[in-house]
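Okay, so here's the structure we're looking at.
Below, read A as the first sequence line, B as the second, and so on, with proteins coming before strands; counting in each chain starts at 1.
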There are 4 protein chains.
Amino acid sequence: MFELDVRSRKPIYEQLVEKLKQLIINDVLKEDEKLPSVRDLAQQLTINPNTIQKAYRELESQGYIYSVKGKGSFVNPVQPTKNTEELKKVREELKKLFAEAIYLGMTSEEIQALLHEVQGGEQDD
Amino acid sequence: MFELDVRSRKPIYEQLVEKLKQLIINDVLKEDEKLPSVRDLAQQLTINPNTIQKAYRELESQGYIYSVKGKGSFVNPVQPTKNTEELKKVREELKKLFAEAIYLGMTSEEIQALLHEVQGGEQDD
Amino acid sequence: MFELDVRSRKPIYEQLVEKLKQLIINDVLKEDEKLPSVRDLAQQLTINPNTIQKAYRELESQGYIYSVKGKGSFVNPVQPTKNTEELKKVREELKKLFAEAIYLGMTSEEIQALLHEVQGGEQDD
Amino acid sequence: MFELDVRSRKPIYEQLVEKLKQLIINDVLKEDEKLPSVRDLAQQLTINPNTIQKAYRELESQGYIYSVKGKGSFVNPVQPTKNTEELKKVREELKKLFAEAIYLGMTSEEIQALLHEVQGGEQDD
DNA sequence: GTGGTCTAGACCACT
DNA sequence: GTGGTCTAGACCACC
């Protein structure tokens with residue numbers, strides 16, 4: 001299900017957060033769907049349950065999931081209002097990346113192609 | 001000149017690397033222009049010189065600047081050949097960000113507008 | 001395990017990088033094998049841990065090892081794609097050394113003998 | 001005549017030593033031929049005369065040239081006896097480089113081709 | 001004066 | 001306990 005890279009400089013829990021975000025964003029994990037339990041996922045990925053829990057906590061605080069005591073963790077519906085802060089960050093990040101991509105030689109056509117590629121995948125799911 | 005957040009989770013030297021990259025990419029620091037000396041910048045930012053040096057070294061190994069003992073550190077001309085590795089990373093990053101931006105409600109029109117905004121600034125310099 | 005020359009003009013961390021490279025190249029340290037911890041090696045060699053870390057970091061950025069926070073540093077499998085830059089350097093170095101060896105009186109037979117000697121050892125492991 | 005790389009991490013005087021060695025090795029500078037004067041070379045290369053002098057001193061101590069007060073510096077005839085020490089170093093260096101080249105994927109055929117290339121150039125000069 | 005190396009020692013993040 | 005970051009302060013090599 002996941003491919004975690006122990007070699008990466010990025011901490012494992014951050015990788016997990018990112019992967020799960022991707023799954024939610026790409027609608028693989030639908031609204032109110034239950035995430036795998038901490039213990040199950042830990043066993044599946046052969047990593048420490050604490051690490052999983054840390055990832056879930058992070059996702060919760062970012063508003064992507066919610067936890068119900070004794071039942072598990074579930075995907076949050078999108079809350080457009082709450083995300084203005086995050087949108088601002090994403091905009092800033094995009095600007096930086098665009099500048100860097102152009103500096104490294106990418107044309108705006110290539111960048112747009114990439115965008116449409118992602119967008120196409122989005123709709124297909 | 002810079003605004004560093006000492007409290008941030010991101011290491012100071014990485015923040016520095018990013019800021020300096022921005023300056024180079026946006027042509028504020030031109031080719032072969034001298035960067036502030038390690039000691040000067042350290043004093044200016046009230047940061048340890050070693051930290052500055054770490055940032056400079058990182059920028060050097062990424063090909064953005066070069067350092068000459070006894071003379072200083074200077075901006076490198078772009079080397080399109082050497083940056084294939086970095087381009088790959090940027091492409092991956094862009095894909096992730098696009099997905100996230102769309103998830104948060106941005107339309108592809110908005111994203112493209114942002115791209116053109118950056119590109120415009122680029123050409124004006 | 002290592003013999004470092006603290007008096008040498010070559011920085012300690014560079015000596016370390018070289019020695020460790022040798023061990024990896026000669027398969028003394030196998031793929032994914034754990035390197036000694038920064039602190040352990042520092043104590044063993046009576047050298048400051050920062051110096052060891054600098055060496056490890058250099059090896060990491062050259063693609064020979066990878067480091068995982070909280071776990072340790074490990075030998076990387078060879079990545080033939082990523083090393084084009086380094087190969088170029090090695091080729092240049094070889095050319096220079098060949099010229100010097102010939103100047104000092106070595107015949108090309110002697111040089112080839114040396115090559116086969118090394119190659120033999122390589123295959124025996 | 002020379003191409004010095006100020007960008008290089010290698011000190012300029014070392015680059016000079018290497019270049020001059022090459023010229024001697026490749027017989028561009030013949031036995032007892034006069035080297036350019038320190039001041040001339042300094043002006044030609046637009047670098048500090050002290051740097052040139054340091055390079056000449058180094059070459060002298062390595063036995064490649066000799067200096068005559070008031071007359072200049074001259075190329076030394078090869079002294080096979082004196083070079084056993086250096087030969088030993090070169091042999092060690094070659095072994096290391098061979099191992100590294102093989103590790104990075106070069107075949108012994110490629111290496112030998114490189115050798116013959118250098119050797120050919122040697123005889124042509 | 002410039003970058004580069006090294007030490008000693010503190011503190012943090014991850015597992 | 002692991003690697004990673006940062007500081008303070010010393011000394012060296014190069015130009």
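What separates CD of B/Gln43 from C1' of E/dT2 is a distance of 15 Å, to the nearest Å. The distance between atom CD1 of B/Ile52 and atom C1' of E/dT2, rounded to the nearest whole Å, is 15 Å. The distance between atom NZ of B/Lys34 and atom C1' of F/dC15, rounded to the nearest whole Å, is 13 Å. The distance between atom CZ of C/Arg7 and atom C1' of F/dC12, rounded to the nearest whole Å, is 17 Å. When rounded to the nearest whole Å, the span between OH of C/Tyr66 and P of F/dG4 equals 13 Å.
Annotation: the span from D/Tyr64 atom OH to D/Leu35 atom CG amounts to 13.5 Å, rounded to 0.5 Å.
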Each base of DNA chain E marked ( ) or [ ] if paired in-strand (Watson-Crick or G-U under 3.5 Å), | if paired to another strand and . if unpaired gives ||||||||||||||.

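Side-chain atoms of A/Ser61 come within 3.5 Å of backbone N or O of A/Glu58 as a donor-acceptor pair.
Among pairs with a residue in residues 14-23 of chain C, those fulfilling salt bridge (Lys or Arg N to Asp or Glu O under 4.0 Å) read C/Lys10-C/Glu18, C/Glu18-D/Lys96, C/Lys21-C/Glu86, C/Lys21-D/Glu100, at least two apart in sequence or across chains.
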For nucleotides 5-15 of chain E, 5' to 3', base contacts (B), sugar-phosphate-only contacts (S) and non-contacts (-) with protein non-hydrogen atoms under 4.0 Å give BBBBB----BS

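Under the rule for a side chain to side chain donor-acceptor pair (under 3.5 Å), B/Arg7 has no partner lying at least two apart in sequence or in another chain. For the ring-ring contact (aromatic ring centres under 6.0 Å, His included) test, no residue two or more places apart in sequence or in another chain qualifies with C/Tyr13. Residues satisfying the side chain to side chain donor-acceptor pair (under 3.5 Å) criterion with D/Ser67, sequence neighbours excluded, are D/Glu60, D/Ser73.
By the 4.5 Å heavy-atom criterion applied to side chains, B/Phe74 and B/Leu29 are not counted as neighbours. In this structure the side chain of C/Asn26 never reaches within 4.5 angstrom of the side chain of D/Tyr103, judged on heavy atoms.
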